2 protein chains.
Amino acid sequence: MDLMEQETRLTESQPVPHDHAATPGTLRPGGRTAKVRRAVLDATQDALADTGFHALNMDRIAASAGVGKTTVYRRWGSPVGLVTDLLHDMAEQSLPAADTGGLTGDLRANAELVRDTLTDPRMGAVFRAVIAAAACDEECARALAAFYRTRLAEWAPVVTRAAARGEIPGGTDPVELLRAVSAPLYYRFTITHEELTGAVTERAVTAALAAARDGAFLRE
Amino acid sequence: MDLMEQETRLTESQPVPHDHAATPGTLRPGGRTAKVRRAVLDATQDALADTGFHALNMDRIAASAGVGKTTVYRRWGSPVGLVTDLLHDMAEQSLPAADTGGLTGDLRANAELVRDTLTDPRMGAVFRAVIAAAACDEECARALAAFYRTRLAEWAPVVTRAAARGEIPGGTDPVELLRAVSAPLYYRFTITHEELTGAVTERAVTAALAAARDGAFLRE
DNA sequence: CCCTTAATGGGAGAATGGTTCCGTTAAGAT
DNA sequence: ATCTTAACGGAACCATTCTCCCATTAAGGG
């Protein structure tokens, strides 16, 4: 709850964007302010899941969050600002990595987590929207990158343990291997918009493992 | 020039979207109509390169293309419609695949083509925009998928020849291998927004090759 | 418990983006 | 060469989105 929005708008570059207070929500983050943020972010996620990023609209968010629209404009500034803060919020709620005892199992668990997330009607839509927003705005892109940095760091031990067990070469870069597992899934999700079947995830795991064993992901 | 826009808008689902003619530009694709399309698509690409997808605006496109804005609205309907048609247009201009004599060289050429495209200030921005648009609209997503289907089909022979030479197992799925080369690059481009260095492309090639040799991409 | 003021919220007004109308231009057919 | 009409384009029109002003509410400090 402390790394919330630093600057909501960046289309305008005026030194003092609003009337008084530097950035609303930081100086007096009392119960009401927090409640407003929660309601707005929930409404944002709902809207993204329902209608996607292109239809994201400040007024509607304000209405469905039961919040004054002035507040939404003041604190978040734009649809992209909403998504960016949603990303910060999502980065905070982390769920722990798997530990099946073997690298194959762990990577499979990771791939299936990604698959389940992206194929879930609600979450899939949210991620699509978030990726679209990141493509439109630099600040949002940073938030998205930070989100995945967090996620990947959580899973890195899976690879480190496997290296310790001798399943893969010693100097293997954990993040690099995890990215290799995710990449084919995200490629299909964002570029070719293909269905993410079980075969696809399995193949992603197999291929990444083969490359890792071959030393393709050695830290340089 | 024949597989141009089939239906420009799909936000509304009325059987006859416009006053008369089914879809403008198809019944009488004379010199003027073609010129207008060229001017509009060029202006669209410029706008995407300059300001990105979120700022894509029909009025401005019309103005900078030197075309009536009514025409732009009538033929393309929305910013997403513009991007979709631009994708159809891009799919038509194909550049041939490499043939260096070895699979490693060919895949490296492919990876570097992708990298050069995505790191090019103009083209990179266009692709970013196109990916964002595809995340917002189903029709646009289909156009993007078709674009990459075309591209990948052009490069498939590279893999087929390598299999014939015995560099990789016989039943290797060409498209699957090519996707494996591209995926890490696009993952960084769209998700983590990392810089695409030479090391990244090289690693993408090495990893994909190792997996291919290991039979990870065998057609099932 | 009261006071100060950060933060919210309603509503009016401005701006931007999108639509429609209808006259004009030129592609394709005879 | 002439005719028909698909397609274009200017301008007025309408809707939505955004911004600003100011009264109201409640967080945090005494």
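Bear in mind the structure is a predicted one, so any value in this text is a computation, not a measurement. Throughout, protein chains are lettered first and strands after them, A, B, ... in sequence-line order, and every chain is numbered starting at 1.
- When rounded to the nearest whole Å, the span between NE2 of A:His54 and P of D:dT17 equals 12 Å.
- Put simply, CH2 on A:Trp76 is 11 Å from C1' on C:dT8, counting in whole angstrom units.
- Of the side-chain N and O atoms in B:Arg60, one or more sit less than 4.0 angstrom from OP1 or OP2 of C:dG17.
- Side-chain atoms of A:Arg32 and base atoms of D:dT25 include a donor and an acceptor less than 3.5 Å apart.
- The side chain of A:Thr71 places an N or O atom within less than 4.0 Å of a non-bridging phosphate oxygen (OP1 or OP2) of C:dG9.
- Partners of A:Tyr186 according to the ring pair (Phe, Tyr, Trp, His ring centres under 6.0 Å) rule, which considers only residues two or more places apart in sequence or in another chain, are A:Tyr148, B:Tyr187.
- If you check C:dT8, D:dC18, D:dC8 against the side chain of A:Asn57, the one that comes closest is D:dC18.
- Side-chain contact annotation: B:Glu154 with B:Ser94, donor-acceptor N/O pair under 3.5 Å present.
- As a whole-Å value, the separation of A:Asp59 CG from C:dG9 P is 14 Å.
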For every nucleotide of nucleotides 10-15 of chain C, 5' to 3': is a protein heavy atom under 4.0 Å from its base (B), only from its sugar-phosphate (S), or from neither (-)? BBB---
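- A:Leu56 places its CG atom 15 Å from the C1' atom of D:dT16, with the value rounded to the nearest Å.
- By the 6.0 Å and 45° rule, A:Arg128 stacks over the aromatic ring of A:Phe189.
- Between A:Glu194 and A:Thr192, the side chains place a donor N or O and an acceptor N or O closer than 3.5 Å (distance only, hydrogens not considered).
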Could you walk me through whether A:Val200 and A:Leu185 pass the side chain to side chain contact (heavy atoms under 4.5 Å, CB included) test, one step at a time? CA-CA 7 Å; A:Val200 170; A:Leu185 305 177; 3.7 Å; yes
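- One atom, CG of A:Leu82, and another, P of D:dC18, lie 10 Å apart when rounded to the nearest Å.
- For B:Tyr73, no side-chain nitrogen or oxygen approaches OP1 or OP2 of C:dT19 to under 4.0 Å.
- At D:dA6, none of the side-chain N or O atoms of B:Arg74 fall inside 4.0 Å of OP1 or OP2 (strictly under the cut-off).
- Residues passing the side chain to side chain contact (heavy atoms under 4.5 Å, CB included) test with A:Thr117, sequence neighbours excluded: A:Leu113, A:Met123, A:Phe127.
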A:Glu220 and B:Arg203: salt bridge (Lys or Arg N to Asp or Glu O under 4.0 Å), yes or no, with the steps? CA-CA 11 Å; A:Glu220 52 212 27; B:Arg203 186 167 261 176; 3.6 Å; yes
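- A straight line from CZ of A:Arg37 to C1' of C:dA6 spans 18 Å, rounded to a whole angstrom.
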